[in-house]
Visitor: 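The structure that follows is given in the form of structure tokens.
Predicted, not measured: the structure shown is a model, and the values here were computed from it. Counting starts at 1 for both ligands and their atoms, following the listed order. Note: hydrogens, waters and symmetry copies are ignored here, and every other heavy atom, side chains too, is used. The first residue of the sequence shown is numbered 1, and numbering continues consecutively from there.
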Amino acid sequence: AKSEGRGTYRFFEARMGIEVRERRLLEHDLRHAVARGEMHLVYQPQTDVGSGAVIGFEALLRWKHPERGYVSPAVFIPIAEESDAILQIGEWVLREACREAATWPQPLSIAVNVSAVQIHSPHFVGLVHEVLLRTGLAPHQLEVEVTETALISDPNRALLTLRQLKSLGLRIAMDDFGTGYSSLSNLRSFPFDKIKIDSSFVRSVDSNEQTAAIVRSVLGLGRGLGLPVLAEGVETEAELGFLVAEQCHAAQGYLMGRPSPIAQFTQHTHGTIPL
Ligand code: C2E
Ligand code: CA
Ligand code: CA
Ligand code: CA
């Protein structure tokens, strides 16, 4: 049993070594990924729960590595955030998403994920302003998605940045609500325009009474604060049915549409999407 234990430890050590090396390789490749044209955006529809109409899209980043194929953003975004490569990548995402949305015949909203490093960059507000001017996108069409964890390392600075962003006319959504270091006081301290309930709650809303109770309270919270609530990760009719019954404002998930190249929505294959 003793030697087995040692073997397990050595195996674990070796695995860790590979992971560290892998991270370094990915970090190196990430620095060139935008310039080499390996990044692209996919768009996932967000719908009005009452009418089913598409109200906007969330832009989601995809990286096609020349040798590894697609690497998940859940893997490369944290690496990019640690190495500051996220500033360059995030700027590309913002430009690309706004440039695309400015071409839409309907003023649908475009939601862009923004990481903590970007929020705390002294150039971020100026960048957003410049991108809005350059692309001609109406500011009210742009929605910035931030997580609570992105704000708490320096809340005063974050608050100033969010206020400046709002003065440009855009909207701010609290992403992944209910996960991480959520605190209700964040809803009061920061000028959010929307709450996005994390998919981990939506997933079992129709099968687990506790989850259902939590989602109902978040919806009540939204109503009380006058904030619309969007449920993410909706995969089944049963989950959507719950959200309709509980008068959730908006929804997003595979049931209504998978993240896809924008051409999929503009080629009129989906008659309901007015692009
Ligand atoms: P997120 O912001 O919570 O985005 C939602 C994730 O859930 C996306 O994963 C989306 O593809 C996935 N999803 C949507 N509907 C469903 C569903 O019905 N079922 C399931 N199982 N999944 C669903 P994705 O695209 O892999 O992105 C993962 C995370 O990476 C995002 O989570 C976000 O935190 C981050 N991310 C993606 N793009 C960007 C970006 O441009 N900038 C930054 N900073 N982060 C990004
Ligand atoms: Ca998001
Ligand atoms: Ca989420
Ligand atoms: Ca379910």
Visitor: With the threshold set at 4.0 Å, does a side-chain nitrogen-carboxylate oxygen contact exist between Glu130 and Arg95?
Guide: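 Answer for the salt bridge query: yes.
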Visitor: One thing to verify: whether Glu19 and Arg23 come together as a salt bridge, which I'm taking to mean a side-chain N less than 4.0 angstrom from a carboxylate O.
Guide: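 Between Glu19 and Arg23 there is no salt bridge, as every charged N stays at least 4.0 Å from the carboxylate O atoms.
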Visitor: Would you mind naming the N, O or S atom of Asp206 nearest to the Ca ion (ligand 4)?
Guide: OD1
Visitor: Is Asp176 close enough to the Ca ion (ligand 2) that one of its N, O or S atoms comes in under 3.0 Å?
Guide: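 Here the distance criterion (N, O or S atom, under 3.0 Å) is not met by Asp176, so no.
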Visitor: Where do Ser189 and Asn186 land on the side chain to side chain donor-acceptor pair (under 3.5 Å) test, with the steps shown first?
Guide: CA-CA 5 Å; Ser189 310; Asn186 289 334; 5.1 Å; no
Visitor: Could you check whether Glu38 pairs with Lys64 (Lys NZ or Arg NE/NH1/NH2 to Asp/Glu carboxylate O, under 4.0 Å)?
Guide: no
Visitor: I want to know whether Phe177 and Phe201 have ring centres closer than 6.0 Å.
Guide: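 Between Phe201 and Phe177, which both carry aromatic rings, the centre distance is not below 6.0 Å.
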Visitor: Taking the Ca ion (ligand 2) as the vertex, measure the angle between atom OE2 in Glu58 and atom OE1 in Glu145; round to 10°.
Guide: 80°
Visitor: Closer than 4.0 angstrom, basic N to acidic O: yes or no for Lys196 and Glu58?
Guide: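 Answer for the salt bridge query: yes.
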Visitor: For ligand 1, list the protein residues that place a heavy atom within a distance below 4.0 Å of one of its atoms, sorted by chain and number.
Guide: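 Close residues (ligand 1, cut-off 4.0 Å): Gln44, Glu58, Leu60, Leu61, Arg62, Pro73, Ile77, Val93, Asn113, Ser115, Asp175, Asp176, Arg203, Glu232, Gly233, Val234, Glu235, Gly253, Tyr254, Pro259.
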Visitor: Any salt bridge linking Glu145 with Arg171? Criterion: basic side-chain nitrogen under 4.0 Å from a carboxylate oxygen.
Guide: no
Visitor: Taking 4.0 angstrom as the limit, do Glu27 and Arg24 come out as a salt bridge?
Guide: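 Salt bridge: no.
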Visitor: For the metal site, I want the angle between atom O of Arg203 and atom OE2 of Glu239 with the Ca ion (ligand 4) at the apex, to 10°.
Guide: 80°
Visitor: With the Ca ion (ligand 2) as the point of reference, which N/O/S atom of Asp175 is the closest?
Guide: OD2
